[in-house]
Amino acid sequence: MNRLTEILRGPTAALLHKEFLEAWRDRRALWMAVCFSLLFPAMLAGGSIFMVKKQAEEISRLALLGSASAPLLEQRLRGGGLEVDALAEGDPAELLAGDYDIVLWVQEGFAEEYRNFGAPPLYLYIDSSSSSSPRAQRHLQERLGALQQLVVQQRVTARGLAPQLLAPWRLEVRDVSTPSRRGAVLLAMVPGLLILTLFVASLATSVDTSAGERERLSLETLLLQPLPGWQVILAKTLAVASMGWAGALLALVALVSLMPLMPLAELGIQQATTLSGVLTMGLLLLPLALLVAVVQILLALRSGSFKDAQTQLSILQVAPVLLLMMLDMSRVELGGFFWQLVPLVGQQQWLKALLVGESVPAATLLAGSAATLLLVAVAIRLGARALQREALLSAA
Amino acid sequence: MAGTRKIIAGLAVLVASLWLRTDALGQAAGAETCYLDGWRNPLRCYRLPIESEPEAPQLAVMVAPAVNNSGEEPLYLLAGGPGQAASDLAPLLNAFEPVNRERDIVMVDRRGAGRSGAFRCGIEDQRSLDLDAFARKLADCYLDRAEFAESLSSRQTVEDLEMVRSRLGHERIALWGGSWGTRTALLYQQWHPQSVSELVLDAVAPIDTKVFLTARAAEDALQALQRDCANDPACARLGNWRAQLDALLESWDQGGRPVLSDPLTGQPLTEPMARWEFANAIRTVLYDPRAAAQLPFAITEAHSGNLQPLVGLSGLFVKSTESMSMGLTFSVACAEELNRISADEIAADSDGTFLGTAFLDLFQHGCRGWPVKEKPYAAPEPRAQPVLLISGEADPITPPRYADEALGYLADKQHLVVASGGHINSPRGCIPELIARFLAQPAEELDSTCTREISRPPFMVASYGPDIGGTAGNPVKEPGTGGRHDSGEEAGE
């Protein structure tokens, strides 16, 4: 403990102060971190509000040609999201190119054929290249299906049969999901985006503190100080990680604050994220923030120039998210203990569970975080060795 | 050091809070996940023993958990009959989805119904039965379980519900009652007013109303059907089907008892159809506007000798009859309704109606072999809870006038009347939304204009079904350019 106090009072403290000051006074980097952190929660909330509103207010416009042949059809198709315009004549292609989503043509003689049990055709004109077409067809099918069912029931009943004879069985759907688990679909991308926020928020700072400092020739001065290399890398890592972590925390808080505005209940989703869940998510992101920071610093130090570092890190920030998406899509079973120890994968799994209000065993969290921190320590050691190489300073 | 300790303490609190959450989930340990037909989502199901009566059937309690429980009072669904099980109301959960977003919905099968020891008598699925044979079977059923039959009552059901409310930790509850369930709800409000927050009553059976006197109500419903049919050009062409119905009933009186076929198997039934069965079948058809829309056609066909449409119509109600627990039905009906109906009242109610005493005959015969003690109610006392009343204008058993005339003791009530509506209207049109709005803001008056969009289904006018129209239609030019004729024949259909 005494040694820790000594370190915190000595030149190490000055080093830490310098690194944090440089990281946090860069307005441009700070602005970028804040913007990205707020962007995705806002987009997610806005997107879901818009989606539900659109679904509720969705109206499909149907042009009904020849409705004089079947006025009951016109009457029963109205409602349930279908706006029906009965037109005496018109060209379906032109109508579809205009205001209508679908066109239904009732041909002359329809009613007579219907009365003779001739199963007369109804012609549905669609434009499958239009995005509104499937929705309009669904709306029409709902209305038409209900009328068709009614006619069938009346016909069967009139022949002395119970309508249930037409349904030899009923398919009863039983959904095993819970309202909180249903949130997993909507919130599936959140862990990936939180991890991406770590990368994006710390990117500018990590390039500046490594390749930037080398170009400004202040790195050389820093290395002349009587400080072990690992302390230099650790101080830089802490400063960079503080920026990334703050960004991810901001995104997390913004997301949780916006959740009550999202129409989750309308989607059958329970808002299940708990306060302890949010605190745990914040804490579990810290080791990852450190790992991201140290890897970014190492890569930037290895790069040829400031620009080269920026390019390399830009690619790096997308890679892990892509990797996580691919793992998700490849349906690899990630529930095993081994996967919990793999940085990024473990954190993604825990975030997923905590977002829908489930708990993660503390032992798993601690073991996985310890594995990530071990990698951080190895990376710092590697970084310290790299600092001893003279070639590093002349890389620019 | 102090700082480090603080951090460690903070982490300990955090870890502890994670475990607390696990414990909170574990609270519902008494519940099992279960499903009910007609509702796709999992329910929490409990079997609650009645502590004072260990030999009594355990109560089956099913809870549809709120999507986001906001602490609003849960809504308890009370089923009709008497004899229907609340678990049979599961399909209503689809309509109550807006309510279920913030409130738990609770279904309790009352003692003697559904999963709480259904009291069935083996006559529920009989297609046709002579009235005397029916009464004999019922009497045997009573003798088998006389003590249990005596124990069943509205009072017992309300006390059981009160026990469930307290066991589930609900301080106050909202009630939805359908048909006889409205009686149970109104009695619950009388006996435990402090436990009830709001009531939604669909097809209202007020405490003081003798709802088993149903002949006048059924006649009014039939006349509403006559009116609507006369106003529909296609249905009006069927002619005076009401006179044909009266003629049919008269011919039945004179001994013309046809043998019908079974709507499921198509086989002839063993017994000819009795007049009381025929009249009751007509009454039952009036419950559901979809079935009622086929009645004028079925009657004209029967008048001309084709009874098949009537047979088919009876097939529409096979399932609803089977789901009733007749033992419970007669225990409650005989002790709480039939006991208070006088011969004069029966005569006044049935006079000049198509149903006559056909419905009451069934219960009077049945109750003779079901000698449970009278269980009268006290006169209702004023109550202030907000109440939403829903009635179908053409309901053959609980017409809107019941809710208008017999609920003066309720200080805060609103009444939705569905034009041409039958029995139970909660799932129709915009009514689920109105119910959700009422429960969310019971003090506000509902704008019920949207209920005008609920209409009677199209009448069946011939063997092909409803008239799709087009008789006076103008020829329509075929759409498309180039004069291509796009008919089914050319397409090789």
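To find a chain, count down the sequence lines: A is the first, B the second, and so on, and within it residues start at 1.
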| query | Is it the backbone or the side chain of B/Leu36 that comes under 4.5 Å from a heavy atom of chain A, or both, or neither? | reply |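 For B/Leu36, backbone heavy atoms alone lie under 4.5 Å from chain A.
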| message | If I measure from the heavy atoms of chain A, does B/Thr265 come under 4.5 Å with its side chain, its backbone, both, or neither? | response |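 No part of B/Thr265 comes within 4.5 Å of chain A.
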| message | Under the side chain to side chain donor-acceptor pair (under 3.5 Å) definition, can you give me all pairs with a residue in residues 300-313 of chain B, not counting sequence neighbours? | response |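 Qualifying pairs, neighbours excluded: B/Glu301-B/Asn306.
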| Pairwise distance CZ(A/Arg174) to CZ(B/Arg40) - rounded to 0.5 angstrom |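 One gets 12.0 Å once the value is rounded to the nearest 0.5 Å.
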| task | Quick one: pull up CG in A/Leu150 and CE in B/Met460 and give me the separation to the nearest 0.5 Å. | result |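 It is 9.5 Å, given to the nearest 0.5 Å.
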Is a side-chain donor or acceptor of [X] paired with a backbone partner of [Y] at a separation under 3.5 angstrom?
X: A/Glu172; Y: B/Gly38; result: yes
X: A/Tyr114; Y: B/Asp467; result: no
X: B/Tyr35; Y: A/Asp175; result: yes

| request: Inspect the surroundings of CD in A/Glu112 and state if more than 12 heavy atoms from other residues, nucleotides or ligands are less than 6.0 Å away. | output: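 No, CD of A/Glu112 has 12 or fewer neighbouring heavy atoms, counting only those of other groups under 6.0 Å.
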| task | For a side-chain contact (heavy atoms from CB on, under 4.5 Å) with B/Ser463, tell me which candidate from A/Arg155, A/Gln154, A/Arg115, A/Arg159 qualifies. | result |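 Running side-chain contact (heavy atoms from CB on, under 4.5 Å) over A/Arg155, A/Gln154, A/Arg115, A/Arg159 with B/Ser463 returns exactly one hit, A/Arg159.
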| Sequence-distant partners of A/Arg78, salt bridge (charged side-chain N to carboxylate O under 4.0 Å, His left out), two or more places apart |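 Partners of A/Arg78 by the salt bridge (charged side-chain N to carboxylate O under 4.0 Å, His left out) criterion, ordered by chain and then number, come out as A/Glu74.
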| request: Could you tell me which of B/Pro457, B/Ala298, B/Pro65, B/Ala293 has the largest number of non-hydrogen atom pairs under 4.5 Å with chain A? | output: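 Of the options given, most contacts go to B/Pro457.
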